[in-house]
Amino acid sequence: MNSNNKTRPVAPLAVLTLALAAFAGSASADQNKGFYIGGNIGQSHADVNASVPGMKVDKRDTSFGIHGGYQFNPYFATELTVNYLGKAYLGDSQAKTMSYSLDAIGRLPVNDKFSLFGRLGVAQNERDFNGVSNFDSQGNTGFKVGLGADYNLNKNWFVRTELTRYNNVPTATMFGNTIDTWNVGVNYRF
């Protein structure tokens, strides 16, 4: 597969996030602003390129994370996140991944309770390898993109779900450079 094909799905997500963020200046300054914290749990799917018959391949694991952010207005927020992206197995080899990121979030409120959002961020992806020759642990910086929805339960609590892609994750042998996650989470707005 041409490496350019891997980046094509990222471009529309980035454009959507930037377009949503462009509406930030038109929002009222006193609505929906302030600090929030939250956590999430879900499933990760690592890019593992293996087709060896009889070899154990496990691309999926539990992922979870914590984040803190600031909502500037109904349309724009920023977040700092720490996410455990799980482990992937290929035979006796293992890759365990953590990610630390700073994200811009563009929101599109559908009504006073429900919003759609896009995320574009820069992530430091750290990967520890076990059982892989000449590899121990590595770190790379890459883009993080996501699409999701959130629902306000009341003025302080809201829940959300999101699909996220982490790009430029360190690689070794057949462990690829992307990890996708789907998660659900809860946030508390101060």
If you compare all heavy atoms of N168 against all heavy atoms of G142, which two are closest, and at what distance to 0.1 Å?
CB-CA, 3.8 Å
Connected via hydrophobic side-chain network under 4.5 Å: Y100 and F64
yes
Residues two or more places apart in sequence or in another chain: which of them pass side chain to side chain contact (heavy atoms under 4.5 Å, CB included) with Q124?
E126, T141
Main chain of T164, side chain of E162: is a donor-acceptor contact present, judged purely on distance under 3.5 Å?
no
Taking all non-hydrogen atoms of both residues into account, name the closest pair between G38 and N187 and its distance.
CA-OD1, 3.3 Å
So, taking the atom named NZ in K96 and the one named CG in N130, what distance separates them when rounded to the nearest 0.5 Å?
7.5 Å
Could you go step by step and tell me if V110 and L116 meet the side-chain contact (heavy atoms from CB on, under 4.5 Å) rule?
CA-CA 7 Å; V110 175; L116 301 175; 4.1 Å; yes
Are S101 and T81 linked by a side-chain donor-acceptor pair shorter than 3.5 Å?
yes
Pairwise salt bridge (Lys or Arg N to Asp or Glu O under 4.0 Å) hits with a residue in residues 181-190, at least two apart:
none
Single-linkage hydrophobic cluster L90~F129, side-chain heavy atoms < 4.5 angstrom:
yes
Pairwise side-chain contact, T181 with H45, heavy-atom cut-off 4.5 Å (strictly under):
no
Mind listing the side-chain donor-acceptor pairs of residues 145-154 below 3.5 Å, one per line with the distance, residues two or more places apart or on another chain?
{"unit_1": "D150", "atom_1": "OD2", "unit_2": "R107", "atom_2": "NH1", "d": "3.1"}
{"unit_1": "D150", "atom_1": "OD2", "unit_2": "R107", "atom_2": "NH2", "d": "3.2"}
{"unit_1": "N152", "atom_1": "ND2", "unit_2": "D112", "atom_2": "O", "d": "3.4"}
{"unit_1": "N154", "atom_1": "OD1", "unit_2": "N156", "atom_2": "N", "d": "2.8"}
{"unit_1": "N154", "atom_1": "OD1", "unit_2": "W157", "atom_2": "N", "d": "2.9"}

K33 and N73: which non-hydrogen atoms are nearest, and at how many Å?
CB-N, 4.4 Å
How would you list, by chain and number, every residue that makes a side chain to side chain donor-acceptor pair (under 3.5 Å) with N125, sequence neighbours excluded?
S99
Pair N83, H67: side-chain N/O donor-acceptor within cut-off below 3.5 Å:
no
Going by side-chain heavy atoms closer than 4.5 Å, which hydrophobic residues are tied to L80, directly or by a chain of links?
L102
What residues form a ring pair (Phe, Tyr, Trp, His ring centres under 6.0 Å) with Y70, not counting sequence neighbours?
F35, F72
Pair L120-F143, side-chain contact (heavy atoms from CB on, under 4.5 Å): steps then yes or no
CA-CA 7 Å; L120 180 60; F143 284 105; 4.2 Å; yes
Got a sec, which pairs hit salt bridge (Lys or Arg N to Asp or Glu O under 4.0 Å) with one end in residues 64-78, sequence neighbours left out?
none
By salt bridge (charged side-chain N to carboxylate O under 4.0 Å, His left out) - contacts of D61 (at least two apart):
none
Could you pull out all residues at least two apart from Y89 that satisfy ring pair (Phe, Tyr, Trp, His ring centres under 6.0 Å)?
none
For the OH atom of Y166 and the CE atom of M98, what is their distance to the nearest 0.5 Å?
10.0 Å
Determine, using the 4.5 Å side-chain heavy-atom cutoff (strictly less than), whether L85 and V82 are members of one ILVMFWY cluster.
no
Side chain to side chain donor-acceptor pair (under 3.5 Å) with Y36: which residues, sequence neighbours excluded?
E79
Going by the rule side chain to side chain donor-acceptor pair (under 3.5 Å), which residues pair with T161 if we only count those two or more places apart in sequence or in a different chain?
W182
How about F76 and I105: do any of their side-chain heavy atoms sit closer than 4.5 Å?
no
Rounded at 0.5 Å granularity, tell me how far CD in Q94 sits from CZ in R127.
10.5 Å
By side chain to side chain donor-acceptor pair (under 3.5 Å) - contacts of N183 (at least two apart)
none
Taking the side chain as C-beta and beyond, is there a heavy-atom pair between T62 and I41 under 4.5 Å?
yes
Joint hydrophobic cluster, Y84 plus I66, side-chain heavy atoms closer than 4.5 Å:
yes
Measure across I179 and S44 and return the closest heavy-atom pair with its distance rounded to 0.1 Å.
CG2-CB, 4.0 Å
When rounded to the nearest 0.5 Å, the distance separating CZ of F114 from CG of L108 is 9.5 Å
Are K144 and N167 close enough that some pair of their side-chain heavy atoms sits under 4.5 Å apart?
no
What distance do D128 atom CG and Q138 atom CD have between them, rounded to the nearest 0.5 Å?
10.0 Å
Could you give me the CA-CA distance, side-chain angles and deciding distance for V169 and N140, then say whether side-chain contact (heavy atoms from CB on, under 4.5 Å) is met?
CA-CA 6 Å; V169 176; N140 281 345; over 6 Å; no
